[in-house]
4 protein chains.
Amino acid sequence: MSEERGKRGRDERRSQLLLAARQVFASKGYHAATVDDITRAAGVAKGTFYLYFDEKRAVFYELIRTFFDLVTEVGGAFAGEVPDRAEYVRRLEVAAARICELFRDQRDLVKLVYRESMGMDPELESMVREFYRRIARLEAENVQLGIDLGLYRADLHPLVVAYAQIGMVERILLGQLSDRSFPAEPDLVRQIVELALRGAGR
Amino acid sequence: MSEERGKRGRDERRSQLLLAARQVFASKGYHAATVDDITRAAGVAKGTFYLYFDEKRAVFYELIRTFFDLVTEVGGAFAGEVPDRAEYVRRLEVAAARICELFRDQRDLVKLVYRESMGMDPELESMVREFYRRIARLEAENVQLGIDLGLYRADLHPLVVAYAQIGMVERILLGQLSDRSFPAEPDLVRQIVELALRGAGR
Amino acid sequence: MSEERGKRGRDERRSQLLLAARQVFASKGYHAATVDDITRAAGVAKGTFYLYFDEKRAVFYELIRTFFDLVTEVGGAFAGEVPDRAEYVRRLEVAAARICELFRDQRDLVKLVYRESMGMDPELESMVREFYRRIARLEAENVQLGIDLGLYRADLHPLVVAYAQIGMVERILLGQLSDRSFPAEPDLVRQIVELALRGAGR
Amino acid sequence: MSEERGKRGRDERRSQLLLAARQVFASKGYHAATVDDITRAAGVAKGTFYLYFDEKRAVFYELIRTFFDLVTEVGGAFAGEVPDRAEYVRRLEVAAARICELFRDQRDLVKLVYRESMGMDPELESMVREFYRRIARLEAENVQLGIDLGLYRADLHPLVVAYAQIGMVERILLGQLSDRSFPAEPDLVRQIVELALRGAGR
DNA sequence: TATGAATGAGCTTTCATTCAT
DNA sequence: GATGAATGAAAGCTCATTCAT
C-alpha cells in the first residue's frame with residue numbers, strides 16, 4: 001500500500017511538473033523557458049525535474065504527444081461499423097464539434113504544437129510528420145467511406161482531400177485563436193461541416 | 001562608378017550570406033545553426049556577418065519576410081478589374097499553379113516558415129500573425145467576389161472560407177513535401193482548384 | 001541548521017570569489033582580467049561566478065564600495081561630542097594613523113580605486129563622485145569645528161580646505177605606495193597631522 | 001615645397017585625429033570608445049587612423065603625455081634664478097593661476113588623465129608614476145628653496161610636502177570640476193596659495 | 001595617401017545537467 | 001526522494017587591426 005501511495009505520489013509530482021511546463025512553455029516558448037522556470041512554477045527544486053524526466057526535451061515531447069493523442073482520438077472515433085449517410089454526417093458533426101472544443105480547451109497545447117513542435121529537433125520533427133501521416137491516412141479512410149456512401153465525389157484522391165480537410169480545420173481554428181478580428185461565428189461548427197461536406201461552391 | 005561597384009559588391013555579399021543562412025537554417029534549424037555555421041557556409045569570417053546584419057535573428061526575419069512577400073504577391077495578383085466567372089476560374093488556376101511552384105522552388109523557405117517562424121520571438125510571431133491576417137483578408141475579398149459572381153454560396157462567412165482555403169492549400173502542399181507516401185498527383189493543381197471551387201461533396 | 005550551513009557556505013563562497021577578484025583585478029586590472037581568471041583563482045568553475053554576482057562589474061562595484069566604506073568610517077569617527085582643542089588634535093592623529101594603516105593593509109583595494117574606479121562606467125563614476133562629495137562634506141564639517149575651536153583660520157572656505165586635506169593625504173599615501181624613492185618616514189603620520197593643522201609655512 | 005605642403009597636411013590630419021580622439025575619449029571613456037568613433041568624429045576612414053598611429057593606445061598615450069607636459073611646464077617655470085621671498089611668492093601665485101587655467105581649459109584632458117590613465121596598461125601606468133615622481137621631485141626642489149628662504153618650516157620632508165601640495169591642488173580642482181555644489185570661489189587661486197604657504201592653521 | 005571591407009581572437013553570459021548531501 | 005550548488009560547454013557579438021584597391 002505504501003507502494004501504492006508512493007506510486008500515486010509519484011504520478012502527482014509528474015503531473016504537477018507537466019502542468020507547470022505546459023504553462024511555462026505556452027507563455028515564454030520552449031527555448032526561452034528554462035528548467036528553472038518550470039521547477040519554480042511547480043514549486044519544487046531544480047534537481048527534482050530530472051527525477052521525472054530525462055531531459056528538458058522529454059517533457060515537451062510528452063506534451064506534444066498528449067495533444068496528438070487527443071486529436072487522434074477524435075479522428076479515430078469516426079471509424080467503426082460501416083454507417084449509412086445520415087450516420088456519417090452525424091459523426092462528422094460530432095468530430096467537428098469535438099475538435100473545436102479541443103482547440104478551445106487546450107489552448108496551451110495548441111500554442112506549443114503550432115509554435116514550436118516543428119523547429120525543435122529532428123526526432124520530434126519526424127514525430128510530428130508521423131502524426132500528420134497517420135491522421136491523414138485515418139481521415140483518408142473516412143473520405144473513402146464517404147465516397148463509397150456517395151457523399152463525396154470519386155474523382156479526387158482521398159489522401160489529398162484528407163490533407164485538405166485537416167488544413168482547413170486547423171487554419172480556421174488557429175485563425176479563430178489568434179486573429180482578433182475573426183468573426184465570432186456561433187455556428188462555426190456548422191460552417192466547418194458544410195465546407196467539408198459540400199465545399200464553398202454552389 | 002566605384003560607388004556602383006561598392007554597392008554591387010555589398011549586395012552580393014549580403015545575398016551570399018542570405019543564401020548560406022537559408023541553407024543552414026533549413027538543414028539544422030534556426031536554433032541549432034550558429035552564426036559560425038552560416039559564415040563558414042558563405043566562406044567568410046564570422047565578423048563579416050555583422051557587417052551585413054545586426055544580429056542572428058535579423059537574417060531569419062528577412063528570409064521569412066521574403067517568403068511572405070512571394071505568397072502575398074500570388075494572392076494579390078488575383079485582384080484587379082472585376083472579372084466574369086470564366087476569368088475568375090482562370091485566375092484561380094493561375095494562382096494555384098503559382099503557389100504550387102512556389103512551394104516546390106522555395107523548399108528551404110517553406111521549411112523555415114512552417115518549422116520555426118512561430119516559435120522564434122514575440123516580434124516575429126506577430127509578424128507571422130499579421131501575415132496571416134493580411135492574406136486572409138485578401139483572400140476573403142476574393143471569396144466575396146466569387147460570391148458576387150454566383151460561384152460561391154452566400155451562407156458561409158467569407159473570412160472563414162478564406163482561412164479554410166489557405167489551410168487547405170498549405171496542408172496539401174506541406175503534405176506533398178514531407179509525406180513520403182503522398183500520391184504523385186500530376187494534376188494536383190486541378191484537384192486544389194476543384195476543392196476550392198466545388199468542394200469534396202458531390 | 002542546514003539552512004545555517006547553507007547560508008554560511010554561501011557567504012564563504014562569495015568571500016572566496018571577492019578575494020580572488022580583488023587579487024586578480026589588482027594584478028591585471030579590471031579590463032584585462034577575465035571572469036575566467038577570477039574563477040580559476042578561486043578554484044571554482046566559471047558558471048559559479050554568476051551564482052553569486054550578476055555580472056563582472058558587480059564584483060568590482062562591491063570592492064570599490066568596500067573601500068569607500070572603510071574610508072568613510074574613519075572620517076565619520078571624527079564626529080560626535082563637540083571636543084576641545086586637545087581632543088580635536090588627538091582625533092586627528094587617530095584618523096591619520098588609521099588612514100595610513102588602511103592604505104597599507106588594503107593595497108589591493110587602493111590600487112583598484114585609484115586605477116580604475118573612474119574609467120569604468122557612468123554609474124560607478126557617479127558613485128565615486130558621490131563618495132568624494134560625501135566625504136568632502138563630512139570633512140568640511142570637521143574643518144568648521146576646527147575653525148570654531150580656533151584651530152583653523154576662518155578666512156578659507158571649509159569645503160576648499162576639506163578637499164585640500166583629502167587630496168593631500170591621498171597623494172602622500174599613494175606616493176608612498178608607488179614612488180620607490182619615497183622617504184621611509186617613520187613619522188609620516190606626524191607630518192600629515194602637522195600639515196593638516198599648521199601647514200608647511202613657518 | 002610639395003613636401004612642405006605634404007608635411008603640413010600630415011600634421012593637420014594628425015591633429016585632427018588627436019582632437020577627435022580627445023573628445024571621444026572624454027565623452028565615452030577610452031574603453032567604450034572605438035577607433036571607428038574616432039575616425040568618424042574626425043571625418044576620415046577607419047584605416048586612416050593607422051597611418052598616423054600605431055595602435056589605439058598610442059593616441060591615448062599622446063594625449064596623456066600632452067597633459068603631463070603642460071603641467072610640467074607650469075611646475076618648471078618656477079625654477080631658474082634663485083629668487084627672494086617676494087619673488088617666490090609671486091611665482092607661486094603665477095603657478096597656481098596657471099594650473100587653475102589649465103584645468104579649466106583642458107577639461108577633456110583632465111578627464112582622461114584622472115579617469116583612465118592608471119587603469120590602462122602597465123606601460124602607461126609606469127609613465128603616470130614616472131610623471132608623478134618627476135613632478136614631485138621638481139616641486140620638492142621648490143619646497144627646499146622655500147625652506148632656504150625661510151618661508152617653509154624645516155622639520156617636514158620636502159618630498160612629503162611636495163606630494164601634499166600636488167594632491168591638495170589636484171583634489172581642489174577636481175572637486176571644482178565635478179562637485180556641483182563646490183563653492184564658486186572667485187579667489188580660489190588665493191586660497192590655494194594661502195594653503196600652500198601658510199596652511200589651514202592659525 | 002586614403003579607403004572601408006574583412007578578419008578572427010576573445011569576451012561575457014546562459015543554462016541543461018549532475019551529484020553530494 | 002528531494003535539494004540546489006556546481007559545472008563547463010557553447011554561442012552571440014565586438015572591435016582593433018590589416019590590406020587590396
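Lettering of chains follows the sequences in order, A, B, ..., and the numbering in each one begins at 1.
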Aromatic plane relationship, A/Y114 with A/F67 - under 30° parallel, 30 to 60° tilted, over 60° perpendicular: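 A/F67 and A/Y114: perpendicular rings.
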Plane angle bin for D/F60 and D/F25 - parallel if under 30°, tilted between 30 and 60°, otherwise perpendicular: perpendicular
Point-to-point distance, once rounded to the nearest 0.5 Å, from CD of B/Q23 to CD1 of B/I38: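 If we round to the nearest 0.5 Å, B/Q23:CD and B/I38:CD1 are 11.0 Å apart.
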OH on B/Y52 to CG on B/D11, rounded to 0.5 Å: 9.0 Å
Interatomic distance, [X] [atom1] vs [N] [atom2] [rounded to whole Å]:
X: D/D121; N: F/dA16; atom1: CG; atom2: P; answer: 14 Å
X: A/M120; N: E/dA16; atom1: CE; atom2: C1'; answer: 12 Å
X: B/R10; N: E/dT3; atom1: CZ; atom2: C1'; answer: 15 Å

Residues touching DNA chain E, which here means a heavy atom under 4.0 Å, drawn from residues 38-60 of chain A: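 Heavy-atom cutoff 4.0 Å gives A/K46, A/Y50, A/E55, A/K56.
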N or O in side chain of B/R13 less than 4.0 angstrom from E/dA5 OP1/OP2: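 Checking B/R13 against E/dA5: no side-chain N or O falls below 4.0 Å of OP1 or OP2.
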Show me the pairs that pass salt bridge (Lys or Arg N to Asp or Glu O under 4.0 Å) and involve [range], at least two apart or across chains.
range: residues 39-50 of chain B; answer: B/D36-B/R40, B/D36-B/K46, B/D37-B/R40
range: residues 109-118 of chain C; answer: C/R115-D/E125
range: residues 59-68 of chain B; answer: B/R14-B/E62

Intra- and inter-strand pairs of DNA chain E in dot-bracket (Watson-Crick or G-U wobble, both distances under 3.5 Å; | for another strand): .||||||||||||||||||||
Least distance between heavy atoms, B/Y30 atom then B/K56 atom: O-NZ, 3.0 Å
Closest non-hydrogen atom pair between C/D108 and C/A26, with its separation: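 Scanning both residues, the minimum pair turns out to be OD1-CB, 3.6 Å.
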Candidate pair B/M120 and A/H31, rule side chain to side chain contact (heavy atoms under 4.5 Å, CB included), full reasoning: CA-CA 8 Å; B/M120 268 297 301; A/H31 285 99; over 6 Å; no
Proximity to DNA chain F (any heavy atom under 4.0 Å), residues of residues 24-37 of chain A only: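 Of all residues in residues 24-37 of chain A, none places a heavy atom under 4.0 Å from DNA chain F.
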